[in-house]
Amino acid sequence: MPAQDVRELRIVGFLCNWCSYGGADTAGVGRFTQPTDLRIIRVPCSGRIDPLFIVRALMNGADGVLVSGCHPRDCHYAEGNFYARRRLEMLKRFLPITGIDERRFEYTWVSASEGQRWQHVVTEFTRRIHELGPAPSFNPKSDVDWNALAVQASQGQGCPCHGSIQA
Amino acid sequence: MRIGVFICHCGSNIAGTVDCPSVAATALTYPDVVFSTDTMYACSEPGQDAIIQAVKDKNLDGVVVASCTPRMHEQTFRRAVERAGLNRYMFEMANIREHVSWIGKTKDLNTGKAAELVRMAVEKLRRNRPLMAKRFETTKRVLVIGGGVAGIQAALDCADGGQEVVLVEREQSIGGKMAKLDKTFPTVDCSSCVLGPKMVDIAQHPNITLYTCAEVESVGGYVGNFQVTVRRKATHVDWTKCTGCGLCVEKCPSRKHPDPFNENLCNAPSINIPFPQAIPKKAAINASSCLMLTKGKCGLCAKVCPVKCIDFEQKDELVNVDVGAIVVATGYDLFDWHKYPQYGEGRYKDVITSLQYERLLSASGPTGGHIKRPSDGKEPKNVVFIQCVGSRDKSVNRPYCSGFCCMYTAKQAILTKDHIPDSQSYVFYMDIRSPGKLYDEFVRRAMEEYGAQYVRGRVAMIYPKGDKLVVRGADTLAGTQVEVPADLVVLAVGAESAKGAVQLGEKLRVAPDQYGFFVESHPKLKPVETNTAGVFLAGACQGPKDIPASVGQGSAAASKVLGLLSKAMLESDPAVSRVNPARCVGCGKCIQTCPFGAIKEIQDRFGNPKAEVIDTVCQGCGICTVTCPQGAIQLEHFTDNQILAEVNALCPPKMFANFE
Amino acid sequence: MLKVAYYPGCSGQGTSLEYDTSTRAVCKALDVELMDIPDWSCCGSSPAHTVNHVLSAALSARNLAQVEAMGMTKAATPCPSCLTNLRTASHKMDDPEFKDKVNALLDVPCKNSVDTQSVLQVLAENVDPELIKGKVVKPLTGIKIACYYGCIMNRPPEVMRFDHHENPMAMDNLMALLGAEVVPFPLKVECCGASYGIPRGDIVATLSGKLLDASRDVGADAIVTACPLCQMNLDLRQGQINDALRENFRIPVFYYTQLLGYALGIDRAELGFEKLCVDPRLALGRIKQPQQAM
Amino acid sequence: MQIFNLADADQGFIDEVEARSHQNVKNCYQCGNCTAGCPYTFVYDYSVSQIMRLVQTGQKDAILKCRSIWLCGSCQSCTTRCPNKIDVARVMDVCRHMAREEGYATERSVKIFADSFLESVERHGRAYELGLMASYMTRSGRVFTDVDLAPQVLMRGKLPFKPHPIQGREQVARIFERFRKGGKNA
């Protein structure tokens with residue numbers, strides 16, 4: 001795995017406690033070797049993940065953000081991951097507008113028993129981030145087309161965090 | 001704040017690939033950390049004592065332990081800090097075993113990662129605040145849903161433990177699938193002789209109220225305080241008067257609808273008592289076939305009834321019950337084998353299910369215990385059993401093993417030989433799954449003593465030839481195709497979730513898995529709990545199970561109920577959402593999104609709408625926190641500030657990007 | 001009037017000439033216009049797909065491209081073997097990579113826009129049964145028929161998308177509509193031995209022998225089929241089967257279009273009963289003469 | 001009986017069969033349903049489920065040499081009934097393709113029949129049944145094949161004496177030509 005040989009990059013993970021965090025534990029118990037770049041933040045449910053957290057991490061210089069929750073229909077809280085999916089899908093479309101390469105953000109579903117799948121997800125995502133290289137330093141003045149943002153806003157697409165969840 | 005950090009070696013599990021002392025040294029440079037050390041086994045008694053001692057000696061008000069996953073020992077350490085006099089929420093854990101030492105090979109990188117995880121934990125802990133659990137009273141009554149053997153066991157154990165029990169059963173009698181069986185494996189003892197006395201106990205127990213022909217209509221409330229509405233369906237017989245004498249059953253002239261208790265092998269009268277040992281032994285009218293109710297003429301039963309209990313005007317009745325805990329024991333249904341068109345889709349009368357075969361074997365069944373095949377009533381000589389019909393088959397969306405079919409098939413092969421000594425049984429199987437006490441010996445007996453011919457392979461098709469059914473299968477051990485001219489084919493149909501399970505799950509807020517079986521709280525350590533506090537599972541509603549396992553789970557669920565209700569007061573988890581009324585604008589979005597109905601609308605003293613969290617119902621998912629456009633509702637212990645502090649610990653904010 | 005591009009198949013020019021002529025005749029009678037695909041070529045049949053899937057698909061795709069050139073999107077063939085090849089080619093060409101490989105072999109690329117159906121499916125799904133019933137002049141009352149579909153007209157269901165893969169009923173329903181007594185035939189979709197008649201006659205003798213045996217068991221006066229290969233194996237080779245199995249089968253094997261044409265009163269010359277090897281007269285004689293109209 | 005060394009499993013072979021058939025042979029759990037339904041089992045040397053097993057264990061030689069892959073009639077019984085939704089008939093086909101490519105022809109008459117058929121199609125654009133028979137008899141040396149049927153067939157005008165060459169037969173011939181140039185990657 002090349003990630004071991006080169007400088008570590010900053011990858012932040014947001015994992016739901018019940019499935020994906022457990023899946024990462026299962027991967028550990030199975031000794032499924034993974035690149036070390038990822039740091040995991042535990043949240044109760046993927047529905048707890050505010051897109052703001054992800055944007056904040058990326059703006060603060062994270063090279064990649066990985067979100068993982070329970071498989072659809074398998075949520076510990078019945079439907080949290082459905083909310084998550086809608087929010088994160090929206091965020092994915094929103095990121096390019098802010099000048100952030102949307103490939104630096106990914107979300108996936110991993111259950112508590114899928115240790116091997118977790119290993120695969122981490123390895124692949126880390127490989128992707130290393131291919132993209134370190135994130136360019138975030139400079140709102142140059143990187144963002146503020147006009148495009150303004151147009152976007154005037155068309156009423158709204159905030160990525162909250163626009164998507166109106167039932 | 002004064003924080004102490006403990007880096008666990010976990011023997012060599014962590015220390016093998018993480019430089020623990022170095023992590024401890026780095027931790028000392030983090031803000032508010034006044035004490036940091038490494039320890040061999042933090043979870044051991046001396047390890048915990050050391051933490052307690054350090055809290056006292058160093059006057060700590062927060063503790064970070066870097067060790068294994070919090071899913072393993074978070075509770076352990078929370079209790080330890082509580083013993084040290086701190087609030088249990090003034091504790092954070094960094095997972096440097098499963099997420100670091102076990103998955104990374106390079107010690108330098110692992111050590112750096114471990115230090116950063118500790119830093120995240122410290123930053124989060126700096127924003128923690130003590131949380132207090134709320135205490136509340138409970139209703140000392142249990143609802144058991146489902147009167148099969150698992151529900152019967154749970155009800156009896158709860159009742160014996162001194163709790164009031166309400167047992168709700170959809171069918172006319174309790175007993176479930178077990179009541180339909182002839183004999184049980186591996187002892188070949190009579191099913192109704194074993195179950196019968198327990199059913200009578202249910203009827204006679206002073207603590208048990210039994211509602212049959214009844215279903216749960218709605219469930220509200222929360223652990224300790226559920227409000228349940230039960231719909232008692234109209235039976236058109238006043239059960240307070242009915243003596244179960246059976247006169248009406250004898251006289252009923254309408255006998256054209258199939259008898260569900262006998263698996264539709266024969267017809268039943270429109271007013272019926274399903275079987276002699278039925279509990280309660282009361283008659284009920286089938287409204288869809290009763291001549292009086294469908295055509296308005298007959299009424300013979302009402303004329304002959306000696307106690308005048310027939311009531312054609314009877315309507316459904318709703319009963320409200322308050323309970324403190326609920327046991328779900330709704331069992332399973334048989335797979336619909338018509339999904340296998342190669343088995344004839346019902347065109348061949350002598351292809352029957354295993355449960356129909358039980359009725360043919362049973363002395364109380366339609367043939368009086370003589371095996372007669374449905375087409376012509378002849379006694380079969382060649383009986384073919386086909387296993388895994390609707391089990392372990394992705395193409396019909398049933399990839400799981402139903403678990404008990406191997407065993408009941410062996411039993412049926414043995415009973416076939418007992419009933420018809422010159423018969424020959426053939427069992428088509430894929431693998432024999434018999435991991436139970438005396439189970440494999442039993443299967444061997446079917447082969448060795450009773451001469452059942454076991455053939456390893458599936459059956460591709462059944463087709464009629466003369467008055468026989470030719471079963472064409474594979475014998476993969478011989479490596480070829482085989483054919484058996486059979487007189488009777490018995491399909492060992494698998495188990496699937498009970499009809500209506502998903503809808504019931506919605507009412508109870510218990511999630512079904514993708515096959516409709518209810519999901520337990522933890523597959524190993526919480527097998528009868530659900531993720532809804534106060535709701536427990538017993539029997540095959542959680543997954544296919546045989547009788548011993550169902551009974552075991554019934555007792556296990558009962559013990560959980562008794563444990564729960566033995567407490568005078570219950571405590572709620574304080575890590576729930578909390579509304580800041582000053583920021584709440586009363587938009588109600590949180591109320592809409594909450595999957596648990598844990599948020600209600602109230603009015604403040606100026607009459608403005610506000611949201612309020614019902615602590616005992618909130619499960620702490622935090623969906624509302626993200627939903628709130630005002631940031632007014634925050635999930636305690638996982639607030640925006642706490643999570644952002646972790647993000648900032650990993651990705652330090654730059655000057656221009658400071659949005660706070 | 002329904003128009004479909006028509007692919008007769010090679011055997012329709014030779015061993016199953018009567019299937020082709022009777023198909024054309026009944027379609028005409030039932031207002032289904034069969035537009036011959038100009039200059040159609042062999043679909044590859046079973047030998048092609050046993051050699052290579054791309055080659056096989058290309059041989060079929062040439063014909064699909066010809067249909068596209070006609071400006072049509074729906075084609076029909078009487079022959080299940082051709083049907084399988086044409087449909088499988090379409091199915092596999094849903095994968096763009098595979099489609100590119102196929103088109104690399106062709107002069108005129110195939111867009112894969114044609115849905116090919118059996119003539120049976122066209123009749124079963126597009127012609128009102130009442131219309132057929134109304135046109136029956138000689139009901140098949142009195143004859144007992146076993147409908148044999150062959151192995152590939154309905155299988156695998158994901159590709160063929162017609163009727164039922166274990167118990168197809170389209171022909172049963174049609175024959176019942178014509179007044180015949182349809183006996184339940186348990187081996188409707190069992191294989192007859194396919195194209196092994198020539199290289200391995202023993203296989204056909206065994207497999208087709210089972211079918212003849214089963215049809216005798218259920219008391220059929222005749223077998224009705226929709227497949228030239230099945231018909232040839234059961235009819236032309238019935239003598240060989242009798243020799244190999246020491247049997248004495250004399251079961252006529254009709255194409256369903258022949259009996260349909262018979263019931264519709266179509267000129268016998270177009271139905272080609274004389275081309276059948278097992279004499280069908282006894283079986284046809286069981287059909288009761290219709291009562292004269294009032 | 002042949003003894004297999006499982007350690008000699010030819011992974012390349014397994015991979016190739018999987019890639020060319022688009023099937024995951026590891027999904028097979030050896031229930032035998034394919035064998036149970038297969039009408040051709042009585043002439044096979046390995047049953048279908050055994051073929052699947054041999055593919056799983058990478059026994060390339062045993063498969064490419066075997067008789068069964070040539071005798072499969074592609075009747076789709078196995079594919080239709082497989083509980084794991086494996087297109088077994090396609091796996092059989094692919095094994096036969098590979099056997100052909102490596103020069104095996106264990107069931108020679110079947111191979112010759114297919115070759116004769118395709119030759120006829122290549123030459124005339126359509127299958128010319130009488131010519132095909134003649135070609136088959138010459139190539140296989142089985143000159144008496146089906147002669148007993150000749151009177152019936154000829155009397156009933158079932159076999160035209162002349163082929164029906166089509167105008168586009170060059171187009172068809174070019175399909176074969178390009179196929180040969182592209183080799184098995186076509």
Side-chain angles (χ1 to χ4, degrees), chain B residues 335 337 339-345 384-402 405-406 426-433 454-463 469-484 486 489 491-494, chain D residues 1-4 22-57 59 62-63 65-69 71-92:
Chain B
F335 173 81
W337 62 275
K339 286 178 191 160
Y340 287 97
Q342 58 265 48
Y343 298 157
E345 293 179 305
V384 170
F385 296 90
I386 303 176
Q387 292 199 176
C388 293
V389 177
S391 299
R392 301 177 65 200
D393 188 340
K394 282 185 218 164
S395 69
V396 295
N397 193 30
R398 295 286 176 269
Y400 54 83
C401 171
S402 295
C405 325
C406 288
Y426 301 86
V427 180
F428 283 91
Y429 71 100
M430 290 206 289
D431 298 287
I432 299 293
R433 307 251 159 118
Y454 270 67
V455 187
R456 196 206 168 276
R458 265 190 186 268
V459 167
M461 63 187 291
I462 300 170
Y463 64 94
L469 292 167
V470 181
V471 178
R472 186 195 283 177
D475 184 337
T476 61
L477 301 181
T480 191
Q481 195 178 78
V482 291
E483 285 195 344
V484 187
V489 179
L491 304 177
V493 285
Chain D
M1 281 186 118
Q2 198 180 346
I3 292 170
F4 298 116
H22 295 273
Q23 305 300 311
N24 182 355
V25 297
K26 292 176 282 291
N27 282 354
C28 172
Y29 58 22
Q30 285 292 311
C31 68
N33 212 350
C34 44
T35 297
C38 177
Y40 291 87
T41 305
F42 74 105
V43 283
Y44 279 5
D45 47 1
Y46 291 114
S47 66
V48 200
S49 48
Q50 285 174 326
I51 296 279
M52 290 300 293
R53 183 70 196 137
L54 291 173
V55 174
Q56 282 180 327
T57 54
Q59 301 301 329
I63 288 190
K65 276 183 198 154
C66 85
R67 200 167 282 284
S68 307
I69 54 174
L71 293 172
C72 163
S74 306
C75 77
Q76 308 294 332
S77 163
C78 47
T79 297
T80 303
R81 290 171 182 150
C82 175
N84 294 310
K85 300 184 188 172
I86 302 170
D87 190 343
V88 184
R90 198 166 175 187
V91 173
M92 294 290 280

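Quick note on labels: first sequence line is chain A, next is B, and so on, each numbered from 1.
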Checking [X] against chain B: side chain, backbone, both or neither under 4.5 Å from a heavy atom?
{"X": "D:F42", "result": "neither"}
{"X": "D:C82", "result": "backbone"}
{"X": "D:T35", "result": "both"}

- Using side-chain hydrogen bond (donor to acceptor under 3.5 Å, both in side chains) as the criterion, list what pairs up with D:Q50, not counting sequence neighbours. D:S47

- Message: Run the side-chain hydrogen bond (donor to acceptor under 3.5 Å, both in side chains) test against B:N397 and tell me which residues pass, sequence neighbours left out.
- Response: none

- Query: Hey, are the side chains of B:K394 and D:P83 touching, using non-hydrogen atoms and a 4.5 Å cut-off?
  - Reply: no

- Is NZ or CZ of B:R392 both nearer than 6.0 Å to the six-membered ring centre of D:Y29 and within 45° of the ring axis? yes

- Item | Largest heavy-atom contact set with chain B, pairs under 4.5 Å, which of D:C31, D:S49, D:S77 | D:C31

